[in-house]
Protein chains: 2
Amino acid sequence: MSLPHAILTALLEKPSSGLELTRRFDRSIGYFWPATHQQIYRELAKLEQSGFIRPLPQQPSRGQKREYEVLPEGRAELTAWVARAEDPRAVRDPLLLRLRAAAVVGTQGLGDELERHLRLHERQLAEYLAIEERDFAPPVRSAEARLQHLVLRGGIDLERYWIAWLTEALPEFTDR
Amino acid sequence: MSLPHAILTALLEKPSSGLELTRRFDRSIGYFWPATHQQIYRELAKLEQSGFIRPLPQQPSRGQKREYEVLPEGRAELTAWVARAEDPRAVRDPLLLRLRAAAVVGTQGLGDELERHLRLHERQLAEYLAIEERDFAPPVRSAEARLQHLVLRGGIDLERYWIAWLTEALPEFTDR
DNA sequence: ATTTACATGTAAGGGGTTACATGATTTG
DNA sequence: CAAATCATGTAACCCCTTACATGTAAAT
C-alpha cells in the first residue's frame with residue numbers, strides 16, 4: 001500500500017494533475033517507487049473516492065487537465081502511515097537467483113550479464129551523485145532537505161552495494 | 001518471470017513435491033525469492049503444462065504427495081535464463097518512501113519504526129552469518145559452493161547496507 | 001487541415017497475498 | 001475414532017505491466 005502514500009506526498013509538495021505527477025515521479029519519488037500514468041490515474045480515482053484528495057475547481061472534461069489537492073483526511077492518513085509498523089519487504093532479486101541457478105546449470109554467459117549490470121549500476125550511481133551535488137550542496141539545510149538527502153543517500157549506498165558485490169563476484173566468471 | 005526458474009533450480013537440486021519445495025524455499029531460495037505453497041502449486045502446474053517438468057510415476061490422487069523432476073527442456077530453459085539480458089528491477093522501498101513523506105508531514109513516530117527495522121535487519125544478518133559459518137566454513141570448496149556462498153554474501157552485504165543506513169539515519173529522529 | 005504534443009483513460013494478463021476447502025495419513 | 005498433520009488445491013483481491021483508445025490544444 002505504498003503508491004497512494006507516494007502520491008499523497010507528491011500532491012502535498014504541490015497540487016498536480018495525473019500527467020504532472022507521472023513526470024515528477026520519473027525524476028524524484030519514482031527512483032524509489034516507480035509508477036506509470038495508468039497506475040497513477042487509477043490511484044487518483046481511488047484516493048478521491050476515499051475522500052483523501054479532491055480536484056481543484058476546474059473544467060471536468062476528457063482530455064482536459066484535472067488537478068488534485070490533498071484534503072486534511074489525506075494528510076492525516078499519510079501522517080499515520082509514516083509511523084505505522086510495517087515490516088521490511090522480502091528481498092526478491094532475480095540476479096541473486098540466477099547465480100544460484102548457475103551453480104546448478106553452469107555460468108555460461110552470466111559473466112557478460114553481470115558486467116552489464118555493473119555498468120548500469122555505475123550509471124545510476126553517477127546520476128544520483130549528480131543530483132546530490134546539484135540539490136544538496138554543502139550550505140546548511142532545512143530539516144526537510146536533510147530528510148530528502150537521507151533518502152538519496154539510501155539510493156546512493158544501495159548502488160554502491162551492488163557495485164561492490166558485482167565487482168567481487170565477477171572474477172568467478174571467466175567464460176569470455 | 002523468476003519464480004518458475006527458482007523452482008526449476010530447486011527441482012534440479014532434488015526432485016520434490018509442492019510442499020517439500022515450499023519448505024525448502026523457506027530456508028534457502030526463499031531468502032531471495034519467497035513463495036507460498038499456493039504460488040508453487042500454480043507454477044508447478046504451468047511448468048508441467050509447458051513440458052519443463054513431469055511428475056515422477058506415482059499415485060495421482062488428491063491429498064497424495066506428487067513429486068516432480070526436471071525434463072531436458074526445463075534444464076535448457078533455465079540455462080538460457082541464466083545468460084539472458086534482464087535489467088535490474090526497479091527499487092521499490094516503502095521505508096525510503098516514508099522518510100520522504102516524513103519530510104512533508106513530520107517525523108512523529110518514525111524513529112521507533114526505524115529502530116524496529118534496524119533490529120529486524122540485525123536479526124536477519126545474524127541468521128545469514130550463522131548459515132555462512134555452518135555451510136561455508138574455511139576448507140576449500142567446489143565451484144557450486146563458491147557460487148552459493150557468493151549469493152549468501154549478497155544477502156549479508158544487503159543487510160549490512162540497511163544496518164549502516166539506518167544507524168546513520170536514526171540521529172535525525174529524536175521524538176522519543 | 002494535418003500533425004504533434006498534451007492529457008486521461010480502458011483492457012488484458014501476470015504475479016503475489018490471504019483466506020478458505022478438501023483429501024489422505026498418522027497419532028493419541 | 002477423533003484430532004492433528006500432511007498434502008494439494010480454489011477463490012478473490014490487489015498491484016504492476018503492456019498495449020491500446022480517445023479527446024483536446026498547439027504548431028506548421
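Every chain is numbered from 1, with letters handed out A, B, ... down the list of sequences.
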Would you mind classifying the nucleic acid contact of B:R92 as base, sugar-phosphate or nothing, using non-hydrogen atoms under 4.0 angstrom? sugar-phosphate
So with a 6.0 Å cut-off around CZ of A:R54, is the heavy-atom count from everything else above 12? no
Can you name the side-chain contact (heavy atoms from CB on, under 4.5 Å) partners of A:T167, sequence neighbours left out? A:L118, A:I163
May I have the distance from B:L44 (atom CG) to D:dT8 (atom P), rounded to whole angstrom? 9 Å
Return the value, rounded to whole Å, for the distance between atom CZ of B:F25 and atom P of C:dG15. 14 Å
Give the rounded distance in Å between these two atoms: CZ of B:R66 and P of D:dT8. 9 Å
For A:Q38, what residues pass the side chain to side chain donor-acceptor pair (under 3.5 Å) criterion, not counting sequence neighbours? A:T36
Identify, between B:H37 and B:A90, the residue whose nearest nucleotide on DNA chain D lies closer to the 5' end. B:H37
Going by side chain to side chain donor-acceptor pair (under 3.5 Å), name the residues that satisfy it together with B:S2, two or more places apart in sequence or in a different chain. none
From CD1 of A:I7 across to C1' of D:dC16 the rounded distance in Å is 13 Å
Backbone N or O of B:S17 within a donor-acceptor pair of the B:R66 side chain at under 3.5 Å? no
Dump every N/O contact between nucleotides 13-15 of chain D and the protein below 3.5 Å, one line per pair.
residue, atom, partner, partner atom, Å
D:dC15, OP2, A:K46, NZ, 2.5

Taking atom C1' of C:dA5 as reference, at what distance in whole Å does atom NZ of A:K65 sit? 13 Å
Side-chain atoms of A:R23 come closest, of C:dT8, C:dC6, D:dT8, to C:dC6
How would you list, by chain and number, every residue that makes a side chain to side chain donor-acceptor pair (under 3.5 Å) with B:R42, sequence neighbours excluded? none
Whole-Å distance between C:dG13 P and A:Q38 CD? 16 Å
Considering only side-chain heavy atoms of A:S17, which listed nucleotide, C:dT8, C:dA11, D:dA25, is closest? C:dT8
List the residues meeting side-chain contact (heavy atoms from CB on, under 4.5 Å) with B:Y31, not counting sequence neighbours, and say none if there are none. B:Q124, B:E127, B:Y128, B:I131
Grab the CD1-P distance between B:I40 and C:dG15 for me, whole Å please. 14 Å
How many Å lie between OH on A:Y41 and C1' on D:dT18, as a whole number? 17 Å
Quick check on C:dT25: is either OP1 or OP2 less than 4.0 Å from any side-chain nitrogen or oxygen of B:Q64? yes
Closest of D:dC6, C:dT17, C:dT10 to the B:T36 side chain is C:dT17
